[in-house]
Each structure stands twice: as C-alpha cells, then as structure tokens.
Amino acid sequence: MLQFGQKQKLEVIKTVDFGAYLGTEEEKVLLPAKQVPKGCRVGDEIEVFLYKDSEDRPIATTREPKMTLGEVALLKVKDITRIGAFLDWGLERDLFLPFKEQTKELHKGEEILAALYIDKSDRLAATMKIYPYLPTGGDFAKDQEVQGRVYEISRNFGAFVAIDDQYQGLIPAKQLFGEQKVHVGDWITARVSDVHEDGKVDLDLRQKAYLQMDEDAERILELLQQKGGKLPIGDKSSPAEIIELTGMSKNQFKRAIGHLYKEHQVMLEAKEVRLVKG
C-alpha cells in the first residue's frame with residue numbers, strides 16, 4: 001500500500017526511459033529517471049518518499065524531506081500567494097500552507113514551525129497549528145531555564161511555545177501583560193514554573209519572585225528618574241493603571257515598592273510614589 005507523506009521501501013516492477021515504476025501492478029508510483037539509482041533492476045527495493053506532483057499525480061522521490069507525516073520542522077517561506085503560502089521542505093515541489101492553517105501574517109523568507117498533515121482532498125499540506133503534533137515530556141524540571149519558539153497565541157490560554165522546537169510548553173495568559181507580551185515567531189527564554197503529571201510544561205517569562213523583585217525595583221527607580229522623581233501610581237491604583245505605566249502586575253509592583261520603601265529609597269502614598277532625595 002502506498003503511504004503518502006512517509007518514507008517506505010518499494011519494489012521496482014518496471015523500468016522505462018523516464019524512470020522506474022515502484023509498488024505493485026495494482027498500485028504503482030513513478031520514480032523519475034534522474035533519481036533512479038544507477039544499475040537499478042526490476043525486483044530491487046528502493047526507499048522513497050511519496051507525495052503528489054503539481055498535477056496531483058503520485059510521485060516518488062529519493063530526496064530527503066525536512067519532515068514526514070505528523071512531524072514538525074522549521075521551514076522557510078518561499079512565496080506568498082492569494083491562496084496561501086508555500087514552504088521549502090527540501091523537495092522539488094514546495095509545500096502548501098493554507099491561510100486557515102496560519103497563526104500569523106507571514107513574510108517571504110522568514111522561518112516558521114510547521115507540521116505535515118493530509119488535508120480533506122488527500123493532499124499533503126502544512127499547518128502552523130502544531131499543538132497536536134508536539135510531544136509532552138522532555139525531562140524538564142521546575143525552575144529550569146529553557147528556550148523555545150512561540151507558535152500560537154490564545155487569549156484564553158496564553159502563548160503556546162515549542163520548547164527547543166520540539167516539546168509542548170505554555171505561558172499562561174495571566175502572565176502576558178505589559179512588557180511580558182510575546183508574538184508568534186518569537187524565540188524566548190523562560191523558566192519552567194510547573195511540570196504537570198501528563199508531561200505538559202508551564203513557563204514563566206519572569207524569574208523567581210525574589211530575583212524578579214530586584215529587577216522590578218530597578219525598573220521603578222529608572223522610571224522615577226525619568227519622570228522627575230514622581231510616579232502617579234500607588235498602593236490604591238488599579239491594576240490597569242500600574243500595568244500601563246510600569247508593565248508589571250499589581251502584585252509585582254507592590255513587592256518591588258515594598259522593597260524600595262524598606263530600603264528608604266521611596267515614599268509611598270495612595271496614588272503616588274516619590275523618590276527619596278539623598
């Protein structure tokens with residue numbers, strides 16, 4: 001049986017001037033002459049990858065695709081057309097990526113993560129919605145620093161990240177505020193905040209609380225110096241006001257301000273923070 005999108009060994013059943021037919025008389029596929037191994041004879045087995053050519057005819061190739069069915073790979077965008085994008089996946093015919101399978105606006109020449117699937121018309125196609133194709137696991141530990149690529153963003157769930165371009169990771173939506181915003185395609189460094197029993201990994205762009213507090217305190221001091229020693233936010237300000245001005249959650253802001261207050265570096269009022277003049 002011919003298996004499209006996968007590599008398989010098929011028997012040579014006939015050789016012709018323009019190539020060799022592989023498989024069986026009932027189900028055969030052409031391997032073009034330029035890819036037929038020298039000295040190939042009827043009865044030999046050849047490992048090939050099966051897909052369809054530009055006229056939708058089954059075709060075999062000995063070239064190595066950058067991914068097979070169900071796999072994920074980093075591919076370059078070759079072209080953008082009115083029906084979708086085309087990706088370079090190492091074969092003669094570029095791989096089609098429909099608009100409905102894209103998670104961001106694409107540009108020619110950029111690299112994206114994509115998976116290979118068979119569409120409703122039994123054609124091979126690419127999708128940027130790779131969540132179902134990424135495995136869990138990866139032997140990650142809490143507080144471990146990891147790197148990965150953002151491949152999809154959901155307002156409800158957060159930013160989906162392919163850790164090392166291979167494993168599932170998620171930055172929960174509640175963390176994506178202010179300066180913590182990310183975009184599809186970003187390569188990020190994050191901390192593992194939780195590893196679930198099913199192997200799924202939660203990520204945090206922030207450091208551990210005590211380290212983050214120092215970083216946030218430095219940020220507030222910088223803002224105070226930029227604003228002439230005063231900030232129009234305080235303990236009674238709304239979370240939205242604090243995020244807009246500092247890029248921090250209200251809890252982050254309160255921790256950092258509390259630290260600075262104990263160090264006698266700021267004065268804190270209900271709706272204002274002032275720098276203590278030395």
Side-chain angles (χ1 to χ4, degrees), residues 5-6 66-75 87 89 97 101-104 110-117 126-220 239-240 242-243 246-259:
Q6 301 182 48
K66 294 182 179 179
M67 62 183 176
T68 58
L69 194 62
E71 291 182 342
V72 175
L74 189 65
L75 305 179
L87 311 177
W89 64 320
L97 172 61
E101 297 298 329
Q102 298 177 21
T103 59
K104 59 163 284 191
E110 72 175 303
E111 291 185 320
I112 60 166
L113 280 179
L116 183 65
Y117 76 104
T127 178
M128 293 175 67
K129 301 172 183 179
I130 61 175
Y131 179 85
Y133 304 95
L134 291 174
T136 56
D139 196 26
F140 298 109
K142 189 173 181 179
D143 291 329
Q144 177 182 349
E145 185 178 272
V146 297
Q147 293 183 313
R149 198 179 309 271
V150 178
Y151 64 86
E152 191 169 357
I153 295 177
S154 164
R155 182 169 295 180
N156 293 327
F157 297 103
F160 292 95
V161 178
I163 303 172
D164 297 331
D165 283 346
Q166 297 182 62
Y167 300 101
Q168 285 187 22
L170 174 69
I171 304 171
K174 63 183 179 181
Q175 294 181 23
L176 301 179
F177 51 77
E179 295 183 352
Q180 303 290 347
K181 288 181 180 178
V182 296
H183 305 89
V184 172
D186 287 352
W187 180 260
I188 57 102
T189 298
R191 178 177 61 86
V192 175
S193 59
D194 197 8
V195 179
H196 300 277
E197 289 185 4
D198 60 3
K200 292 180 180 178
V201 176
D202 285 348
L203 302 175
D204 196 333
L205 292 172
R206 300 166 299 184
Q207 300 183 59
K208 295 187 73 171
Y210 70 93
L211 295 173
Q212 186 67 43
M213 181 177 66
D214 290 341
E215 187 175 304
D216 293 341
E218 288 296 323
R219 171 64 176 158
I220 289 171
I242 293 171
I243 289 174
T246 68
M248 303 175 196
S249 69
K250 186 165 184 176
N251 284 338
Q252 276 182 275
F253 173 76
K254 289 175 69 175
R255 283 196 298 265
I257 285 295
H259 174 69

Excluding sequence neighbours, so at least two apart, what forms salt bridge (charged side-chain N to carboxylate O under 4.0 Å, His left out) with [X]?
X	value
E111	none
D165	R149
K142	none

Kindly write out the residues that satisfy side chain to side chain donor-acceptor pair (under 3.5 Å) with [X], not counting sequence neighbours, or none if the list is empty.
X	result
S154	none
K129	none
Q147	T189
Q144	none

(request) Check M67, Q6, E71 against L116 for a side-chain contact (heavy atoms from CB on, under 4.5 Å) and give me the one that passes. (result)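 Among M67, Q6, E71, the one that satisfies the side-chain contact (heavy atoms from CB on, under 4.5 Å) with L116 is M67.
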(request) Count the heavy atoms of every other residue, nucleotide or ligand shown that sit under 6.0 Å from CG of D198, and state whether that count exceeds 12. (result)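 More than 12 within 6.0 Å, yes.
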(request) Write down the atom of I130, the atom of A115, and the distance for their closest heavy-atom approach. (result)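 Answer, listing the atom of I130 first, then A115: CG2-N, 3.7 Å.
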(message) Please find the pair of heavy atoms, one from L113 and one from A162, that lie closest to each other, and give the distance.
(response)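 What the structure gives for the nearest pair is CD1-CB, 3.5 Å.
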Mind checking what makes side chain to side chain contact (heavy atoms under 4.5 Å, CB included) contact with [X], not counting sequence neighbours?
X	answer
Y167	P135, F140, I163
Y131	Y151, F160, Q168, K200
K254	D235, K250
A190	I188, L203, L205

(message) Could you check whether any side-chain heavy atom of H196 comes within less than 4.5 Å of a side-chain heavy atom of D202, counting everything from C-beta outward?
(response)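 Touching, per the 4.5 Å side-chain cut-off.
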(message) With rounding to the nearest 0.5 angstrom, report the CG to CG distance, D164 to L134.
(response)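 So the gap between those two atoms works out to 11.5 Å.
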(message) Taking salt bridge (charged side-chain N to carboxylate O under 4.0 Å, His left out) as the cut-off, I'd like each qualifying pair that reaches into residues 151-161, sequence neighbours left out, listed once.
(response)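 Applying salt bridge (charged side-chain N to carboxylate O under 4.0 Å, His left out) to every pair that reaches into residues 151-161, excluding sequence neighbours, yields nothing.
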(request) For the pair I112 and L97, evaluate side chain to side chain contact (heavy atoms under 4.5 Å, CB included) and give the outcome as yes or no after the intermediate values. (result) CA-CA 11 Å; I112 60 166; L97 172 61; 3.7 Å; yes
(message) Pair F253, I243 - check side chain to side chain contact (heavy atoms under 4.5 Å, CB included), show working.
(response) CA-CA 9 Å; F253 173 76; I243 289 174; over 6 Å; no
